[in-house]
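One structure is given here, and the rest of the page talks about it.
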Amino acid sequence: MTTLIAGIDFSAPSHDVARRLIGVTVLVDGVGGRIVETEAYDRVDPASHSFSGPTPRNQAMFGAPGHAYVYLSYGMHWCLNFVCREEGHGAGVLIRALEPVLGLEAMRARRGQHDARLLCSGPGRVCQALGVTRAHNALALNALPFELLPRSGRVRIAVGPRIGISKAVDLPWRFGLAGSRFLSKPFPGA
């Protein structure tokens, strides 16, 4: 199985994949947008779900690269991650924010929100807008319902510490499209 999707090698380290995903378009059943914010996680990282090894909840994170890892955060919000590295390693990229591009009416209906800036500005909002649930866990990213389209042109990337975690907070593994109004939170100094 190839690990090259949308021009990105998903067998690479998660922080490399997270950076390369900025500007890529992700669609779920034809609804989605341009990725404008990501965070990288790896099994050597105490903030990662894979740090303590495989469990029933995080098993997909230890699966083949180029698959989805979907988990429930705080018992209320689904979060979408893209699995990286070799099978058995336990690394992934959290999709934190999108610039909505396709299926805005479906997103607005799912979110009960009209403001395009707030449709996908946060990992829980991304999943709600795209209709991602646990049913998408472990699905391949290069097959329906997923579709990843390569970015076009160059992008300017902002880098900073991840947010919403209490361990390994200083790792600069949060990446974003510099100047995007669709980020979940501005980058320091931006």
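Below, all heavy atoms of this structure are taken into account, side chains as well, without hydrogens, waters or symmetry copies.
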Can you check whether [X] reaches [Y] side chain to side chain, under 4.5 Å on heavy atoms?
X	Y	value
I8	V24	yes
Y71	L94	yes
L139	P145	yes
V93	L21	yes
W173	E39	no
V126	P123	no
F10	F82	yes

Please report the interatomic distance [atom1]([X]) to [atom2]([Y]), rounded to the nearest 0.5 Å.
X	Y	atom1	atom2	result
H67	L141	NE2	CG	7.5 Å
C127	R111	SG	CZ	11.0 Å
S180	I35	OG	CD1	12.0 Å
M61	N137	CE	CG	11.5 Å

Under the side-chain contact (heavy atoms from CB on, under 4.5 Å) test, residues paired with E147 that sit two or more places apart: L27, L149

P100: which residues meet the side-chain contact (heavy atoms from CB on, under 4.5 Å) condition with it, sequence neighbours left out? L104, M107, L119, C120, F182

Shortest non-hydrogen contact between [X] and [Y], atoms and distance:
X	Y	value
P161	P188	CD-CG, 4.4 Å
Q59	P54	OE1-CB, 3.7 Å
G88	R43	O-NH1, 3.8 Å
V155	I22	CG2-O, 3.9 Å

Same cluster or not: [X] versus [Y], using hydrophobic residues (I, L, V, M, F, W, Y) connected whenever any side-chain heavy atoms lie under 4.5 Å apart?
X	Y	answer
L148	L102	no
V101	L130	no
V132	L72	yes

CA sep, side-chain torsions, deciding dist, call: E87, F62, side chain to side chain contact (heavy atoms under 4.5 Å, CB included): CA-CA 6 Å; E87 190 166 352; F62 290 89; over 6 Å; no

Going by the side chain to side chain donor-acceptor pair (under 3.5 Å) test, which pairs reach into residues 18-35, not counting sequence neighbours? R34-E99

Among all residues two or more places apart in sequence or in another chain, which pass the ring-ring contact (aromatic ring centres under 6.0 Å, His included) test with F146? H136

Any side-chain donor paired with an acceptor under 3.5 Å for R110 and Q128? no

Is a donor from one side chain sitting under 3.5 angstrom from an acceptor on the other, for D42 and H89? yes

Taking salt bridge (charged side-chain N to carboxylate O under 4.0 Å, His left out) as the test, write out the residues that go with R117, two or more places apart. none

Restricting to salt bridge (charged side-chain N to carboxylate O under 4.0 Å, His left out), what partner residues turn up for R174, sequence neighbours left out? E37

Before giving the answer on side chain to side chain contact (heavy atoms under 4.5 Å, CB included), spell out for L98 and V26 the whole-Å C-alpha distance, their side-chain angles and the decisive distance to 0.1 Å. CA-CA 9 Å; L98 303 178; V26 60; 3.6 Å; yes

Dump the intermediate steps for side-chain hydrogen bond (donor to acceptor under 3.5 Å, both in side chains) on S184 and R96, then the final yes or no. CA-CA 7 Å; S184 67; R96 284 200 60 85; 3.1 Å; yes

A quick test of your reading: do over 12 heavy atoms of other residues, nucleotides or ligands sit less than 6.0 Å from CZ of R134? yes

Are Y69 and N58 close enough, and set up right, to give a side chain to side chain contact (heavy atoms under 4.5 Å, CB included), and what steps lead you there? CA-CA 7 Å; Y69 163 49; N58 71 12; 3.7 Å; yes

After noting the C-alpha distance and the side-chain angles of V17 and S14, does the key distance pass the side chain to side chain contact (heavy atoms under 4.5 Å, CB included) rule? CA-CA 5 Å; V17 174; S14 58; 5.5 Å; no

